[in-house]
Number of protein chains: 2
Amino acid sequence: MKGIRQLAEHLEISIGTVSRALNGKPDVNEETRRRVLEAAESLGYVANQSGRALRKGSTGVIGFMMQTGREITGQGDTFFMSVFDGVQTVLARHKLDLVALLCSSEENPDDYLKRIVARGFADGLILSATRRHDSRFELLARRKIPFITLGRSLSDVGQPWIDLDFEGMAETSVERLVARGHRRIAITRPHDDMNLGYVFVDRCRAVLARHGLELADEHIFRSTPNETGGYQIARDLIACHERPTAILLVNEAIATGLYRGLNDAGLIPGRDIAVIGRQSPHSHFLSPRLTSYSLSLRDLGIALAETLLGTMPTYAEIYAGHPDRLLWPMTLLDGESDGEAPAG
Amino acid sequence: MKGIRQLAEHLEISIGTVSRALNGKPDVNEETRRRVLEAAESLGYVANQSGRALRKGSTGVIGFMMQTGREITGQGDTFFMSVFDGVQTVLARHKLDLVALLCSSEENPDDYLKRIVARGFADGLILSATRRHDSRFELLARRKIPFITLGRSLSDVGQPWIDLDFEGMAETSVERLVARGHRRIAITRPHDDMNLGYVFVDRCRAVLARHGLELADEHIFRSTPNETGGYQIARDLIACHERPTAILLVNEAIATGLYRGLNDAGLIPGRDIAVIGRQSPHSHFLSPRLTSYSLSLRDLGIALAETLLGTMPTYAEIYAGHPDRLLWPMTLLDGESDGEAPAG
């Protein structure tokens, strides 16, 4: 087992250069970096990870905390992998590595994060799945760990965030449905305490109220973010006392299941019930074509990474001027699934 | 910033107990563990990560290395997230955390792994996306880092592996198609150097040869593992000089795109061309129903984690007796997509 001094002597390079190469600093040329990594490997060098972190606040790793579990990732959530792609594009410029910190849905996210922080292996963090009240923010702020949140919360420690513009989605889609004659409009929200559910319900209710319409409690469907959840919503919707003529899907992974559930009951989206949802790699293949909100998940990942780096001293200058709080717009794509309300 | 001694004094618990709690050892009760983590957080304790790793080989983290990128995860790969779910089920028993080590498809996986090893933050590794020749195995063996591979390779350092039974899939599906009168059978393989492509092509060719049939080069379609890849295959297949009457899909993410491409050309799976594929969260919603191979990704994750832990001294006793090399069976589910070959 060798230390950095032996490594430098072996390579006849200064300790400073070896250190910068091992830490992925951009001012080391590619050839030197490769030589150092090869030698580190063949000589059996092991970094003093935490010593390094304590001295320089640099582990070379950015962590992306996300929830996993049977009901979420176990059934085909494709959102995060696409966002990672964008995050990595930015991190690669600085030889930073991305690791996904996978918090099981069976574990308390606060406990999980405390353990991650105690292990101390990331220079900065991206948090997703923000809850209505989210004590993770306060924990990271106290420890002065740079972080950004994908999503908002009533908890606020002044950290940067980017959130999808669910208010904008509520505005344009409710207006569109009302203009097409719909009066009984249903919506979906997450099954759990995600902040986005509150934001979406509140704005939908407000827009409906402008038109003298109410959002009935039985027309707010909670669902797990997967196809099974979508299928269940179709069944519940069909069983409604007063069946809605339209439904807005706040999650992108439920449309295929909803379509299947409607079809099984002989209902066709766009003809028998209006459906507006969000685009996913799979919604492209639905028939009739889903009217849906789209966004570039890759660009979202790029923005998350650049904004986070902008808060870290080493990179602040490069990424100065990024807005640190941003509602990420979504674009409505016309489909065939949101026709006129039936007469009467 | 406090060390473990101050933490132990503050809590009036022995250093050994604090250490075991911080390291997630199973012999610390839940209440003590929580008190230690709370105190570690509020007092600003930072673990000497690498010092700990050097002394005890224990970081409490298992890494799962996977490829990411626009062509893979950027378009809806759902495989790994489901496997993670099973891996976490096992790791949770031992308070171990799973991190996904995301290697961009634009980077050399060997270079990436060298950096990860130099950073030294995992006790054990699961490698996926095994190539025909894969020098990562040798690297980890030299460093004596416990690992298991999801997939085989011509490279072999005696490590444990689990691979999907692509040979079995080739056997049963080619036999089935031949029995239904098909003589021109096409297959897909990955666009890159993944080992599974070689295994699958070789076995399909061997089974066809038993029936005096050949696998024409123009009937082997390379594709990226996503819907776009599937759509392109449909187009290429339709343009074939001698159009195949059946196609076997080795990847699970391409079926929806293939169906769409066939439909756009007026071809119906099961009537105009036989299709056999693999199940995914989205293939359930295809019509006509896809004849497909299914497996429990969660159980696969459980087996990967248990087999890996069985090679690590701390856990070897608990997981003794696991076979360390295993072809993971897949079950064929009847659908409507693989009808008889057209007469003549």
Side-chain angles (χ1 to χ4, degrees), chain A residues 1 22 24 34 37-38 40-41 44-54 59-61 68-70 73-78 81-82 84-85 88 92 97-102 104 106-107 111-112 114-121 139 143 226-227 256-257 259-260 280-282 284-285 298, chain B residues 1 22 24 34 37-38 40-41 44-54 59-61 68-70 73-78 81-82 84-85 88 92 97-102 104 106-107 111-112 114-121 139 143 226-227 256-257 259-260 280-282 284-285 298:
Chain A
M1 207 75 80
L22 289 170
R34 186 176 292 251
L37 284 177
E38 295 281 347
E41 197 274 308
Y45 168 80
V46 171
N48 190 333
Q49 186 71 18
S50 167
R52 204 169 58 192
L54 287 174
T59 61
V61 170
T68 59
R70 291 189 97 146
T73 49
Q75 290 192 36
D77 187 347
T78 61
M81 285 295 168
S82 305
F84 292 165
D85 187 33
Q88 285 184 304
D97 287 317
L98 177 65
V99 303
L101 304 170
L102 308 169
S104 163
E106 285 159 34
E107 181 167 25
D111 288 350
Y112 176 87
K114 279 176 194 165
R115 207 163 59 233
I116 290 295
V117 167
R119 286 182 173 146
F121 63 58
L139 165 68
R143 299 299 294 267
N226 55 42
E227 301 303 351
T256 318
Y259 263 56
R260 176 63 174 266
S280 79
H282 300 276
H284 289 288
F285 298 93
R298 183 178 155 90
Chain B
M1 205 77 81
L22 289 170
R34 185 175 292 251
L37 282 177
E38 294 280 349
E41 196 275 308
Y45 168 77
V46 171
N48 189 335
Q49 185 71 19
S50 165
R52 203 167 62 191
L54 288 172
T59 61
V61 170
T68 59
R70 291 190 94 147
T73 48
Q75 291 192 37
D77 187 347
T78 60
M81 286 294 168
S82 305
F84 291 165
D85 187 35
Q88 284 184 306
D97 287 316
L98 176 66
V99 302
L101 303 169
L102 307 169
S104 163
E106 285 159 33
E107 182 166 25
D111 288 350
Y112 176 88
K114 280 176 194 165
R115 207 163 58 234
I116 290 295
V117 167
R119 287 184 172 143
F121 63 57
L139 165 68
R143 298 300 293 267
N226 55 43
E227 301 304 351
T256 319
Y259 262 56
R260 177 64 174 265
S280 79
H282 300 276
H284 289 289
F285 298 93
R298 183 178 155 90

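A, B, ... follow the sequence lines: proteins, then strands. Residue 1 opens every chain.
Ranked by heavy-atom pairs under 4.5 Å with chain B, the list A:L98, A:T256, A:L101, A:D97 is led by A:D97.
The part of A:Y112 that comes within reach of chain B is its side chain, from C-beta onward, which places non-hydrogen atoms under 4.5 angstrom from that chain.
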Can B:E107 and A:Q88 be said to form a side chain to side chain contact (heavy atoms under 4.5 Å, CB included), step by step? CA-CA 11 Å; B:E107 182 166 25; A:Q88 285 184 304; over 6 Å; no

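Once rounded to the nearest 0.5 Å, the distance linking CZ of B:F84 with CG of A:L102 reads 6.0 Å.
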